[in-house]
Structures are given as structure tokens and as C-alpha cells.
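The sequence lines fix the lettering, A, B, ..., with proteins before strands; numbering per chain opens at 1.
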Amino acid sequence: MPTEPIGLSRDLPAKRVMRTMVDGQDIAVWRSASGKIAAWANRCPHRGMRLSHGFVRGENLACLYHGWHYGAHGRCTYIPAHPELEPPATIMAQAFSVEERDGLIWVASDGTAEPRGLPGGLAPLRSLTFQTAKSEASEAFSSTPFEGNPPAVQSSDAGGIVLRVDVDSRTLNIAAALHEANQGETTAHLLVSDEATPAQKVSLSRWCEAVRRRAEAHVTTRGQENAA
Amino acid sequence: MSLVYAKNDWYAIAAADEMTLGQQRQTLLLGTPLTVTATDEGVVVRDDQGKTYPYQIKFDHVWTALGDAPRALFDIPEGDEPGRRCVPCGVVRVKCSPLRAVENFLDIAHFPFVHTDILGAEPHTEVEPYKVEIREEQDEVWATKVRFFQPKAAKSAGSGITTEYEYRVPAPTVAVLYKTCPPKPEAQDVIAIFVQPRGEEECDVWPWMALYDDESSFEELVQFQQEIFLQDRSILENQLPHRLPLDPKMEIPTRADMTSVAYRRWLKKRGALYGAMTEVA
């Protein structure tokens with residue numbers, strides 16, 4: 001089953017919770033005070049509240065509705081309405097496999113997360129959401145010129161694309177890990193060679209916006225053709 | 001079928017004081033679009049095919065029923081007691097099952113987390129044992145001897161008090177609570193929600209109060225209640241599934257949820273399943 005890149009590690013600091021969709025499943029991803037990451041079904045087993053609205057207390061994620069705490073492996077550790085009660089081991093948030101590699105967070109909707117291999121030496125650039133399918137986003141990355149020249153495609157598969165561009169007589173790698181969280185809505189998580197200067201990162205970031213405009217314009221044009 | 005059952009209950013569909021002569025309101029009840037018109041002969045409730053439905057004015061609201069044999073509308077006798085102020089609190093649209101809205105109203109364990117520093121505050125999170133029963137004679141769910149510490153229990157409360165509650169479910173989409181009245185400890189404030197099911201996953205909630213509070217203005221009272229309810233809405237619209245699961249395997253209760261457990265069983269036994277799901281998803 002698919003392992004999806006759902007975000008940049010640096011965008012999920014300690015004590016934060018985010019929501020994502022993988023393979024149609026609503027998932028809460030959060031990081032504990034000590035930095036441990038976990039991905040759980042976005043539903044408190046008590047009354048169905050989305051756990052992505054919850055708050056982190058130390059090594060536990062607490063549900064916003066009644067403050068039930070869930071810790072390692074999704075096990076319920078504390079029920080505030082009954083402070084003396086040891087919660088039954090059967091109360092568990094459903095856990096998904098999550099891995100962090102190359103600055104990205106990868107979540108599997110089933111089985112063990114298997115991050116895709118990326119070239120070494122990359123650093124996070126930004127995440128950008130496209131109102132297009134994954135294939136259209138990928139196509140726009142390879143076809144949008146950067147400073148007049150089309151980028152060289154290093155590798156490309158269903159999960160994303162790795163490109164090479166020449167900037168200021170230097171060659172940089174750019175990786176776009178693509179995640180279509182909802183149909184027709186793709187987020188590109190972008191990494192760039194860590195030797196890129198701040199100015200180069202700014203121009204690459206602007207180029208990514210041009211990629212998005214191209215992808216979305218393409219979708220709009222095609223939509224109009226279909227309508228005609 | 002759940003819709004047939006639901007059609008034979010009465011529902012609040014408009015605030016009575018807004019239905020002055022000539023006023024018209026479009027609304028939706030159990031999936032049926034309705035037009036409510038105030039005429040010089042009274043209120044007319046009509047659907048798009050021109051069929052009219054009965055109405056009655058009670059608890060400051062206009063009520064209607066779509067079925068051929070509606071069950072009697074319950075009473076809230078405290079509403080008629082002299083000295084009480086009856087306060088209709090407007091309407092809040094919520095994208096959730098009408099039954100989830102009622103169940104949330106019956107719950108106290110969420111006060112410290114959702115109504116922080118108003119109806120509850122950490123570390124006062126413990127829910128002491130209370131009593132729940134189905135009163136067979138009236139066919140109603142009742143919870144009594146419910147006690148909870150509250151930093152600001154009502155508009156009229158100055159500082160924190162332990163509030164005593166009683167809850168009553170007189171119809172599947174109505175909940176009434178009786179709580180300690182801060183300026184008049186021998187009496188109880190009455191707060192109710194009349195939930196109008198627009199569909200199985202969308203409702204209009206009409207809060208209504210009958211209070212002993214001569215100090216606060218009408219606007220202040222309404223604003224207090226609206227603030228509470230908007231906090232609840234942020235929860236209600238994020239519960240999955242949106243419909244209320246009646247199979248105990250789907251959501252795990254604890255002792256604090258005895259009212260909710262009784263309410264769910266009572267709905268199932270009656271066949272009041274509009275807005276509910278009976279099987280594991």
C-alpha cells in the first residue's frame with residue numbers, strides 16, 4: 001500500500017499536530033515534546049472527535065473534546081473525567097506507520113512506511129499546494145523553464161520528480177515529493193541541494209510558483225476544452 | 001423507517017417573536033423545504049407542493065410536525081413560573097447529526113476543555129457518579145445528581161461554584177437541563193435546546209432559557225449562550241462519523257458517559273434513528 005510524503009519534517013515542530021489524508025484515510029500526525037512523531041487515525045475512539053484538533057501534553061496527544069490522553073502506540077493513558085482510573089488497554093487510537101527521511105515525513109495507509117530513495121545532500125525548501133492531480137504537477141515541474149532553460153529530469157515516478165538546474169554556474173538538485181491528499185489537490189514538498197545560497201533558494205521558490213501557475217493553467221485550459 | 005418515526009415528532013422551526021404579521025421564513029425540516037408565514041389568521045406552515053402542516057406556539061417558538069399522527073409535544077412547566085425570564089437565544093446552524101447536538105448538550109466532561117474558564121477548568125475535570133434512568137411513564141431519559149465545579153456557571157455567577165445539574169430528554173431532538181441558579185440557590189435555571197433536523201447531518205439549534213436573572217440584559221444573556229454554543233459547534237462539526245453511532249463497538253464510553261449511553265439505547269429502542277447509524281462503519 002502507498003507510502004506518501006505528507007510534509008516537511010521542519011514544518012512539524014515539537015508539540016504540534018497536523019492533519020493529512022493518505023489513501024482516503026483521515027490521519028492526525030503529531031510530534032511529542034521530546035520530538036517523537038506519530039500518525040494516527042484522525043478519530044478519538046471515545047466520541048469520534050478529530051484528534052488533529054487536539055493538543056500535545058508532553059509525550060501524549062490529548063483530544064480537544066474531553067482531554068483523553070493517548071501515548072505510545074496510540075494507547076489511552078489518561079481520562080480526565082476519572083483521574084484515578086487506569087484506562088483499559090483496549091482503548092487505542094489506530095496507529096499508522098510513519099518514517100522521517102531526507103527531511104520528509106512519510107506515512108503508510110497500511111503496513112510499514114517505505115520512504116522513496118532521494119539523492120543525498122538535500123535541504124527543505126518549501127511546500128506548495130496545487131489544485132491539480134499529481135501527474136499534472138509532475139509534468140509542470142519538468143516543462144517549466146528555470147531562467148530560460150528547461151530543467152533536466154534526473155528521475156521521475158508516481159511519487160515525485162528529481163530535477164537538475166544550473167544556477168550561477170552551479171548545478172543544483174531539486175526534489176519534488178508529491179502527495180495528492182485529496183483528488184485534484186496535490187502538495188509538492190520541495191527539497192534543494194543544501195549548498196544553495198539564500199538568493200538561489202528565493203529564485204527557486206519563485207520558479208516553483210511559476211510551475212504551479214503552469215500546472216493550474218493547464219488544468220483550466222483542458223477543462224474549458226472539455227466543456228466546449 | 002427512521003424518517004416516518006421522525007415525522008411524528010414536533011420541531012421548533014422559527015422564533016415566535018420574529019413571526020410578526022407578514023413575515024415569512026424559508027426553512028428545511030427532515031429534508032422537506034418549508035415556508036412559514038405569519039398571517040392575520042395565525043401561522044401557516046406549507047411545503048413546496050402547497051401541503052400545509054399543523055403548528056403550535058410553545059416556549060417562544062413555532063413548532064410543527066410533518067407526520068399524520070404526531071406524538072404529543074412535551075411540556076416544560078417551569079416556563080410558566082412567575083418571576084422567570086424566558087429567553088429565546090436565536091439559532092445556530094451546525095453541520096452534524098441532530099442527535100450528536102443533543103448528546104453533546106447532555107455531556108459535562110467536556111466543559112474544562114471546550115468551555116475553558118466558563119463552564120469548567122482544569123484541574124477540576126473529575127465527573128462524580130450520578131444517576132441515570134429512563135422514566136417509563138413519561139418515556140424520557142433523566143440524569144440527576146450531576147455535580148460539577150464551574151468557574152463561571154452562568155451570566156449571573158460571580159465566581160466559581162459547584163453546580164448541580166439535572167438533565168432531561170423529553171424527545172429525541174430536545175434536551176432540557178436544570179442547574180443551580182447562582183442568585184437564587186433554592187431554585188433552578190432551565191436551559192433547553194430545541195434541535196431542528198434539516199437533514200440527517202445538518203441541524204438548526206434553537207437554545208432557550210427560563211431563568212431567574214434580573215440583572216443581565218436580554219442581549220447579554222443571549223450572547224453568553226451563543227458563545228457557549230459556538231464553542232460546541234467547533235466540536236460537533238469535527239466528529240466522525242457525522243451521524244451518531246448506536247453500535248457500542250464504534251465509540252467507547254466511560255462512567256461519565258452514562259447519560260449518553262442511556263440516550264443512545266433509548267433512541268435505538270424507540271426506533272428514533274433519523275441522524276443515527278446502527279451498524280459498524
Sequence-distant partners of Ser135(A), side-chain hydrogen bond (donor to acceptor under 3.5 Å, both in side chains), two or more places apart: none
Of the backbone (N, CA, C, O) and the side chain (C-beta and beyond), which part of [X] lies under 4.5 Å from a heavy atom of chain B, both, or neither?
X: Arg43(A); value: side chain
X: Asn42(A); value: backbone
X: His46(A); value: both

Pair Tyr167(B) + Tyr263(B): ring centers closer than 6.0 Å: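 They do not qualify: ring centres at least 6.0 Å apart.
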From [X] atom [atom1] to [Y] atom [atom2], the distance as rounded to the nearest 0.5 Å:
X: Trp68(A); Y: Thr254(B); atom1: CH2; atom2: OG1; answer: 5.5 Å
X: Glu128(B); Y: Ile108(B); atom1: CD; atom2: CD1; answer: 8.5 Å
X: Met258(B); Y: Leu106(B); atom1: CE; atom2: CG; answer: 12.5 Å

Is the His66(A) ring parallel, tilted or perpendicular to the His110(B) ring (thresholds 30°, 60°)?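 Ring orientation of His66(A) relative to His110(B): perpendicular.
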Can you classify the ring geometry of Tyr178(B) versus Trp142(B) as parallel (below 30°), tilted (30 to 60°) or perpendicular (above 60°)? parallel
So which bits of residues 92-102 of chain B come within less than 4.5 Å of chain A, counting non-hydrogen atoms only?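 The stretch touches chain A at Arg100(B).
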Any carboxylate oxygen within less than 4.0 angstrom of a Lys/Arg side-chain nitrogen, looking at Asp139(B) and Arg270(B)?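 Judged by the 4.0 Å cut-off on N to carboxylate O distance, Asp139(B) and Arg270(B) do form a salt bridge.
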Whatever's closer than 4.5 Å to a heavy atom in chain A on Glu237(B) counts as backbone
Please look at Asp107(B) and chain A and tell me whether the side chain, the backbone, both or neither of the residue comes under 4.5 angstrom of a heavy atom of that chain.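 Interface part for Asp107(B): side chain.
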Of all of His53(A), Met49(A), His82(A), which one pairs up most often with chain B through heavy atoms under 4.5 Å apart?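 That would be His82(A).
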Would you say Gln25(A) and Ser109(A) are linked by a side-chain donor-acceptor pair, where the criterion is simply a distance under 3.5 Å?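 Their side chains do not contain a donor-acceptor pair, so the 3.5 Å distance test is not met.
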For each of Glu122(B), Glu103(B), His124(B), Glu126(B), tally heavy-atom pairs with chain A at distances under 4.5 Å, and name the one with the top tally.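 Heavy-atom pair counts peak at Glu126(B).
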